[in-house]
Amino acid sequence: MPNVIVSLWNVDDAATAFQITEFYKAWKLDSLTKAALRQAMLTTMKEYLDPFFWSAFSLVGHGD
């Protein structure tokens, strides 16, 4: 089943670019979508402290 990462609200372009880049780095290492998104969020939290910038994203789908 395909997966999609969605944003629940409009987010800053720079923060989104940072987080999605981190997501693909983590995904390439272990191919676990849920874990990759979580790792990307943890990394983004260090650069962008306000949850507004990193908590908008959600995984929709199976999440393997």
Side-chain angles (χ1 to χ4, degrees):
M1 175 186 266
N3 300 303
V4 146
I5 295 176
V6 298
S7 174
L8 302 174
W9 57 82
N10 289 332
V11 280
D12 178 73
D13 287 343
T16 299
F18 182 87
Q19 185 163 347
I20 296 303
T21 300
E22 293 301 315
F23 166 77
Y24 278 112
K25 285 179 190 175
W27 183 64
K28 189 174 179 180
L29 290 176
D30 61 23
S31 297
L32 297 173
T33 308
K34 279 192 291 192
L37 181 57
R38 178 68 178 146
Q39 185 59 47
M41 284 182 168
L42 293 172
T43 304
T44 305
M45 280 197 275
K46 295 174 185 173
E47 291 290 318
Y48 298 89
L49 300 177
D50 190 333
F52 171 82
F53 293 104
W54 53 263
S55 65
F57 299 97
S58 182
L59 177 71
V60 177
H62 193 264
D64 284 347

>> Rounded to the nearest 0.5 Å, what separates atom OH in Y48 from atom OG1 in T16?
In response: 8.5 Å
>> Please verify the inter-ring angle class for F23 with W27; under 30° counts as parallel, over 60° as perpendicular, anything in between as tilted.
In response: parallel
> Looking at residues at least two apart in the chain, or sitting in another chain, which of them share a ring-ring contact (aromatic ring centres under 6.0 Å, His included) with F57?
Replying inline: none
> Rounded to the nearest 0.5 Å, what separation is found between the CG atom of L59 and the OG1 atom of T33?
Replying inline: 6.0 Å
>> Looking at W9 and F52, would you say the former's side chain and the latter's main chain have a donor-acceptor pair under 3.5 Å?
In response: yes
> How far apart are the closest heavy atoms of Q19 and A40, and which atoms are they?
Replying inline: O-CB, 3.6 Å
>> How long is the straight-line distance from OG of S58 back to CG of L37, given to the nearest 0.5 Å?
In response: 7.5 Å
> Is it the case that one hydrophobic cluster holds both F18 and L49, taking links as side-chain heavy atoms less than 4.5 Å apart, direct or via other members?
Replying inline: no
> Which salt bridge (charged side-chain N to carboxylate O under 4.0 Å, His left out) pairs, counting each pair once, include a residue from residues 4-27, with sequence neighbours left out?
Replying inline: E22-K25
> To the nearest 0.5 Å, how far apart are CE in M45 and CH2 in W54?
Replying inline: 4.5 Å
